[in-house]
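As structure tokens, the structure follows; a few thoughts come after it.
Every chain is numbered from 1 and lettered A, B, ... according to where its sequence line falls, protein lines coming before strand lines.
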Number of protein chains: 2
Amino acid sequence: MTTIYDIASKANVSKSTVSRVLNHHPYVSEKNKQKVWQVIEELNYTPNALARSFRFMRNKTIAVIIPNLYHSFFSLLASGISKELRAQGYKTVISESFYNAENEKVILEMLKFKEIEGIILCSIENDWEFIEEYLNYGPIVLCNEFHEEATIPVICYDERGATAEALNHLLNQGHTRIGFCYDVSDSPLQKMRQESYEQFRDHDFQETKKWFYPECFTIKDGMNVVKNLVKHPQNDRPTALFTGNDYVAAGVIKELKQRGLDVPREFGVIGYDDHQICLATHPTISTIHIPIDQLGVYTAKTLIKTLSENKPLQREVKTFEGKLIIREST
Amino acid sequence: MTTIYDIASKANVSKSTVSRVLNHHPYVSEKNKQKVWQVIEELNYTPNALARSFRFMRNKTIAVIIPNLYHSFFSLLASGISKELRAQGYKTVISESFYNAENEKVILEMLKFKEIEGIILCSIENDWEFIEEYLNYGPIVLCNEFHEEATIPVICYDERGATAEALNHLLNQGHTRIGFCYDVSDSPLQKMRQESYEQFRDHDFQETKKWFYPECFTIKDGMNVVKNLVKHPQNDRPTALFTGNDYVAAGVIKELKQRGLDVPREFGVIGYDDHQICLATHPTISTIHIPIDQLGVYTAKTLIKTLSENKPLQREVKTFEGKLIIREST
DNA sequence: TTGTATGCGTTATCAA
DNA sequence: TTGATAACGCATACAA
């Protein structure tokens, strides 16, 4: 392995001079500069990133924790974040928590060991008090996840607004019994959606709880919701579903059609995410468009700013707007 | 920041002893061992990963290059690889090449700088001669991509077999004019599919080239294929399509239905990947199931073996079997 | 069983 | 403008 020492020997200068040349330090004679670059070329030298990391005590690596890479929303979010971080010279380690606190902890520990410089949390699995401890070791920011007290930047989109928009739309279409499919019940984000949903009680929503469908992640889950739903008499089941993601909506629509229920005439469906699958179903899916890219870029920028300016984190809630896209399913 | 030196001072031993305790070296007295662990606890000490990386000249980080995180096939592949690498104590940096040689080069360069220890290439954008140079700096393995000459492990699945199986199935269903949708034409893998397809010429496939549809990635692309296809007279267009991925197949099916063409009676469709979207369309999509997880795990294991045994890479082609899944679209 | 000394590659400080 | 030297945290060869 060639080191600056080898360059120095061959160029008849000191290590210091080589280092200066490499770092474009102003005080190097033109002659030496030329010579050193020439030898660097000759010996095909590359600076050793491991030594630099050690020297500066930072390795330009950020971890992004997402629930999984299975759902395209998360993979796109991770992709957006990663792209921006790369542009700024950072490496990104994408880690799936699978909604598991222990997996999340593994990454938090990496911060302590200086394996990473900072963390972007796209879901919260441990208690905030637990996570807070790790702020001693590096910055953590929240993205696409909300927390009431967390004393760190929170980048999310307007859950309540989007939910309200979707529900209003369904009400306008004449639906009064609206069901709600979500994934995991203990996420602060999902709770916001639920609360937002519950605020619509006054519109004949007396028995909302009955129409909460948890653990909905996939197309199959959506199908199962319908399979169970149709077991109830027509006047005791929802006439519309607001689902946590478009896959679930697609499953719902597929199963409704299978059972001869017409969408949107007999049943309304709204998805979430504006995934391309919305176009493949029949009817196409009304949904909420989330500006994933903006979320990712803003989050990455926020974290990098903290890192480079080396200033302490502080709470700052940045909200992006979702947008209702009306298609054929409502 | 607490270092082993701090521990040593407080425990009244030398740095060496602390280091030995941390590394479970056998020759440490029970008394000192106890004492050191106690102080470590007291001072909340954590070994510095950056220093260790530097000391050993390795940072336990692998890069995975995939075309993008947009297609779930790639995100699942990256997820599988990453999971196995994590289990073995490695960090994974997932990088999207976007089918761009320059982006690929950026990652290859990281190997040279020792920012990463090895690379898993899930697509090839540069010439092999160019990539080969980087083997001087660390191991590279191929996953889900094929190359005739590459002197490195090649982990893929049986493209030709899967294609043949799909085409045979379509032939058995009475189709003789079969079109072929693929993504990028210059990938070795896609070439294999094409070649495999061309071997079926003898079955009335005289004008295959006409029915090649490149640049098919998304649902919309699938729709467009049908939009263009129906412009031709019925006896001069395919009666079936074999698509490079399930999204494209979903788009094809959707557009065919939109135009009143019955699938599978009037038109057969086979997808690729066995993505969950296959279940959401009407009719459901016949497809090829790829053992993504096996691919990922095997690839990760292969790379790690090279890394830990520090033995030179050699060509080794490992092939997994795809499996035709017959559903309603054929 | 323990401690001392050295080195990993780089950058920064200081003196020349 | 340059070079000698120390320092970053850790592991280890060697001496004791």
### Query
Heavy-atom count around A/E309 CD within 6.0 Å, excluding the residue itself: above 12?
yes
### Query
In terms of heavy-atom contacts, does CD of A/Q314 have more than 12 from other residues, nucleotides or ligands at under 6.0 Å?
no
### Task
May I ask you to say what A/Y5 touches in the nucleic acid, namely base, sugar-phosphate or nothing, with a heavy-atom cut-off under 4.0 Å?
nothing
#### Entry: Sugar-phosphate, base or nothing in reach of B/V13, heavy atoms under 4.0 Å
sugar-phosphate
### Query
Can you list, by residue number, the residues of residues 27-47 of chain B that have a non-hydrogen atom closer than 4.0 angstrom to DNA chain C?
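Residues of residues 27-47 of chain B that come under 4.0 Å of DNA chain C are, in numerical order, B/Y27, B/V28, B/S29, B/N32.
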For atom [atom1] of [X] and atom [atom2] of [N], their distance in whole Å:
X      : N      : atom1 : atom2 : result
A/R52  : C/dT10 : CZ    : P     : 8 Å
B/F113 : C/dT10 : CZ    : P     : 11 Å
B/R58  : D/dG9  : CZ    : C1'   : 19 Å
A/H25  : C/dC14 : NE2   : P     : 14 Å
A/N59  : C/dG9  : CG    : C1'   : 16 Å
B/D6   : D/dC8  : CG    : C1'   : 13 Å
A/I4   : D/dG3  : CD1   : C1'   : 12 Å
A/L50  : C/dG9  : CG    : C1'   : 10 Å

From [atom1] ([X]) to [atom2] ([Y]), nearest 0.5 Å:
X      : Y      : atom1 : atom2 : value
A/S82  : B/E96  : OG    : CD    : 6.0 Å
A/I119 : A/L111 : CD1   : CG    : 4.5 Å
B/I116 : B/M110 : CD1   : CE    : 5.0 Å
B/R55  : A/L50  : CZ    : CG    : 13.0 Å
A/L108 : A/Y137 : CG    : OH    : 11.0 Å

Sort me out a list of protein N/O and nucleotides 5-8 of chain C N/O pairs below 3.5 Å, or just none if empty.
unit_1: C/dG7; atom_1: N2; unit_2: B/R55; atom_2: NE; d: 3.0

### Task
Output yes when at least one side-chain N/O atom of B/S14 is less than 4.0 Å from OP1 or OP2 of C/dT2, else no.
no
### Query
Do any side-chain nitrogens or oxygens of A/S19 fall under 4.0 Å of OP1 or OP2 in C/dA12?
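No, outside the criterion.
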### Query
Is there a donor-acceptor contact under 3.5 Å from the side chain of A/E104 to the main chain of A/N126?
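At least one qualifying donor-acceptor pair exists.
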### Task
Would you check if the side chain of B/R315 reaches a backbone N or O of B/E148 as a donor-acceptor pair within less than 3.5 Å?
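The answer is yes, because a donor-acceptor pair under 3.5 Å joins these two groups.
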What N/O pairs connect the protein and nucleotides 14-16 of chain D at under 3.5 Å? Give each pair on its own line.
none

Would you be so kind as to tabulate the donor-acceptor pairs closer than 3.5 Å made by side chains of residues 57-72 of chain A, with sequence neighbours excluded?
unit_1: A/R58; atom_1: NE; unit_2: A/E117; atom_2: OE1; d: 3.0
unit_1: A/R58; atom_1: NH2; unit_2: A/Y90; atom_2: OH; d: 2.8
unit_1: A/R58; atom_1: NH2; unit_2: A/E117; atom_2: OE1; d: 2.8
unit_1: A/N59; atom_1: OD1; unit_2: A/T61; atom_2: N; d: 3.4
unit_1: A/N59; atom_1: ND2; unit_2: A/E115; atom_2: O; d: 2.8
unit_1: A/T61; atom_1: OG1; unit_2: A/N59; atom_2: O; d: 2.9
unit_1: A/N68; atom_1: OD1; unit_2: A/Y70; atom_2: N; d: 3.0
unit_1: A/N68; atom_1: OD1; unit_2: A/H71; atom_2: N; d: 2.9
unit_1: A/H71; atom_1: NE2; unit_2: A/F217; atom_2: O; d: 3.1
unit_1: A/S72; atom_1: OG; unit_2: A/H275; atom_2: NE2; d: 3.1

### Message
For the helix from C/dT1-D/dA16 to C/dA16-D/dT1, what angle separates the axis at the start from the axis at the finish, each from five pairs, in steps of 10°?
### Response
50°
### Message
The criterion is salt bridge (charged side-chain N to carboxylate O under 4.0 Å, His left out); which residues satisfy it with B/E42, sequence neighbours excluded?
### Response
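Residues passing salt bridge (charged side-chain N to carboxylate O under 4.0 Å, His left out) with B/E42: B/K10.
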### Message
Less than 3.5 Å apart, any donor N or O on the side chain of B/Q88 or B/E84 sitting next to an acceptor on the other?
### Response
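Distance-only check passes for B/Q88 and B/E84.
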### Query
Do the ring planes of A/W128 and A/H147 sit parallel (below 30°), tilted (30 to 60°) or perpendicular (above 60°)?
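If you compare the ring of A/W128 with that of A/H147, the planes turn out tilted.
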#### Entry: Pair A/E159-A/Y157, side-chain hydrogen bond (donor to acceptor under 3.5 Å, both in side chains): steps then yes or no
CA-CA 6 Å; A/E159 280 290 334; A/Y157 55 89; 2.8 Å; yes
